Engineer: 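Take a look at the following structure, please.
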Amino acid sequence: MIYLDYNATTPIVPAAQKAMLEAFDCLGNPSSVHGHGREVRKNLEDAREKVAAYFDLPARNVTFTSGATEANNLILKSFKGRVLNSAIEHDSVLNARNDAITIPVNEEGIVNFEALEKLLKANNGEALVCIVAVNNETGIVQPIAEILQICQKYNSHLHVDAAQAVGKISLNWKNLPSFTISAHKFGGPQGIGAIIINKPLTLSSLITGGGQERGLRAGTENIIGAVGMGAAFGFDFSTLKPFQEKLENGILNSCTQAIIFGKSSKRVANTTNVVMPNVSSEVQLMHFDLNKISISSGAACSSGKVKTSHVLRAMGIPEETAKCAVRISTGWTTTESDINQCIAVWDGLFNSQHLKEGKA
Ligand code: PMP
C-alpha cells in the first residue's frame with residue numbers, strides 16, 4: 001500500500017507517538033488542584049510551550065481546540081462585524097457564516113488584491129478577513145505579507161488558516177493577528193489543533209461549560225493530543241521538491257495534455273493537483289485504489305463522495321476539467337519507488353482509457 005494523501009492526514013511521527021505513550025501514564029484532570037492534577041497540567045502547559053516555541057510566540061497566545069475546523073469556527077462565529085473570506089477557503093471557513101463576503105481569486109488561485117481593497121473600503125474596514133495560507137487542494141501559497149498590509153491599511157483583522165502551512169512554508173508568524181493549525185497535518189494526532197491569537201480580539205466560546213482554555217474552550221482538555229501536537233513539529237516538506245518534479249515530469253511525459261494546477265505559481269513541494277483529460281476523478285481514484293495507491297480527488301469529503309472542487313471552480317476552471325482532477329500529496333514516508341509506481345499507474349490508466357476511446 002502506498003500513501004499519497006498527506007494533505008488529508010499524515011502518519012504520526014515517532015516523536016509524537018513516544019510523547020503520547022508517556023503521557024498515557026499520567027492520571028489526573030488538569031483542573032484538579034491535587035498532585036495528580038498538577039502533573040497533567042504540567043504536561044498540558046509544556047505542550048503549549050512547545051507549540052508556541054515553534055512559532056516563536058508566548059505560550060499564552062495558544063488556545064487548544066479539536067482542530068482547525070473548530071479554531072476557524074471559534075473566530076468566525078465570535079466576530080461581531082463584517083467577515084470577508086476568499087473563495088478558496090476550506091469548508092470550515094466557508095460554512096461558518098452565512099453573511100460572509102467572498103473575495104475572488106485570479107486564475108493562478110491568488111487572492112485578488114484589488115477586490116479585497118475595494119471590499120474593505122466599501123465596508124469601512126474593521127472587518128475580519130480570513131485567508132488560507134496554503135490551499136489544501138492545490139498547494140498554492142498566498143502572498144500573506146501583502147494581504148496583511150492591505151488589511152492593516154483598513155484596520156482589519158487578518159485571520160490565517162495555516163492548517164496546511166506548518167512545515168511547508170515559513171511565515172512571519174509573529175506578525176499575523178491570528179492563525180489556526182491542526183496537528184494531523186504535520187505528524188501529530190487527529191482531533192487536536194489550536195488557534196493562536198497575537199492581536200487581541202474578543203472571542204466567545206462555542207462550547208459552554210467549565211472555564212478551560214481561559215474561557216475560550218470549555219471541556220476537559222485533550223492532554224494526550226496536545227502532548228502529541230507539541231512533539232510533532234519538525235519535518236521540512238520542502239525536501240520533497242525532487243519527488244514533485246519527478247512526478248510531474250513523469251505525468252507530463254505520459255500525457256502532454258495533462259494540466260497541473262499552480263505549476264507557475266508559488267506552491268508547496270508536497271502537493272500536485274493534476275487533470276487527466278476526459279477521465280473522471282472517481283475513475284482515477286478507483287484505479288489508483290485497485291493498484292493500492294491512496295490519493296484524493298481534492299478535499300477529503302466527510303460523506304466519502306467526490307464533488308467538483310469549489311477551489312478549481314473559483315480559479316475559473318471549467319466544470320468538465322475540474323471533474324477530472326486528482327490530488328497527490330507526499331510526506332516523510334514517500335520514497336522514489338512510490339513516485340515511480342504512481343507514474344506507472346497514471347500512465348497505465350491514461351493509455352487504457354484513450355485506447356478504449358480509440359484516441360491513441
Ligand atoms: N483548513 C484547511 C486548509 C484544511 O486543509 C483542513 C483539513 N483538511 C482544515 C482547515 C480542517 O482541519 P481539521 O479537519 O483537522 O479540523
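Indexing begins at 1, ligand by ligand and atom by atom, following the structure's order. The structure displayed is predicted, hence computed values, not measured ones.
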Engineer: Does E70 reach ligand 1 with a nitrogen or oxygen that is under 3.5 Å from one of the ligand's nitrogen or oxygen atoms?
Structural biologist: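 In fact, backbone or side chain, E70 has no N or O that close.
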Engineer: Is the shortest distance from a Lys or Arg side-chain nitrogen in E248 or R267 to a carboxylate oxygen in the other one below 4.0 Å?
Structural biologist: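 Salt bridge: yes.
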Engineer: For E213, is there an ion pair with R48 - N to carboxylate O distance below 4.0 angstrom?
Structural biologist: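 Salt bridge flag = yes for E213 with R48.
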Engineer: Could you list the atoms of ligand 1 found under 4.0 angstrom from a heavy atom of S92?
Structural biologist: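 Here the atoms of ligand 1 in question are 10 (C).
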Engineer: Show the atoms of ligand 1 that are less than 4.0 angstrom away from any heavy atom in G67.
Structural biologist: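 Listed by number with element, the hits are 16 (O).
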Engineer: Taking 4.0 angstrom as the limit, do D46 and K50 come out as a salt bridge?
Structural biologist: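 So D46 does not pair with K50 through a salt bridge.
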Engineer: Suppose we call two aromatic rings close when their centres sit under 6.0 Å apart. Are W346 and F288 close by that rule?
Structural biologist: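 When the ring centroids of W346 and F288 are compared, they turn out to be at least 6.0 Å apart.
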Engineer: Shared ILVMFWY cluster between I192 and L21, side chains joined below 4.5 angstrom?
Structural biologist: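 Not linked; separate clusters.
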Engineer: Please identify which atoms of ligand 1 are closer than 4.0 Å to at least one heavy atom of K185.
Structural biologist: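 Numbered from 1, ligand 1 contributes 6 (C), 7 (C), 8 (N).
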Engineer: Could you tell me whether K168 and D236 make a salt bridge, using a distance below 4.0 angstrom between a side-chain N and a carboxylate O?
Structural biologist: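 The answer is no: the pair does not qualify as a salt bridge.
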Engineer: Short N/O distance, under 3.5 Å, between A163 and ligand 1?
Structural biologist: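 No, there is no polar N/O contact under 3.5 Å.
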Engineer: Taking both backbone and side-chain atoms of H184, is any N or O found less than 3.5 Å from an N or O belonging to ligand 1?
Structural biologist: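 Among all N and O atoms of H184, at least one is under 3.5 Å from an N or O of ligand 1.
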Engineer: Would T69 count as a polar contact of ligand 1, with the cut-off being nitrogen or oxygen pairs under 3.5 Å?
Structural biologist: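 Checking ligand 1 against T69, an N or O pair does fall under 3.5 Å apart.
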Engineer: Which atoms from ligand 1 have a heavy atom of S182 less than 4.0 Å away?
Structural biologist: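 It comes down to these atoms of ligand 1: 12 (O), 13 (P), 15 (O).
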Engineer: Check ligand 1 against V132 and write out every atom of the ligand that is under 4.0 Å from a heavy-atom position of the residue.
Structural biologist: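 Selected atoms, number and element: 3 (C).
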Engineer: Has K121 got more than 12 heavy atoms of other residues, nucleotides or ligands less than 6.0 Å from its NZ?
Structural biologist: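 Incorrect, the count does not exceed 12.
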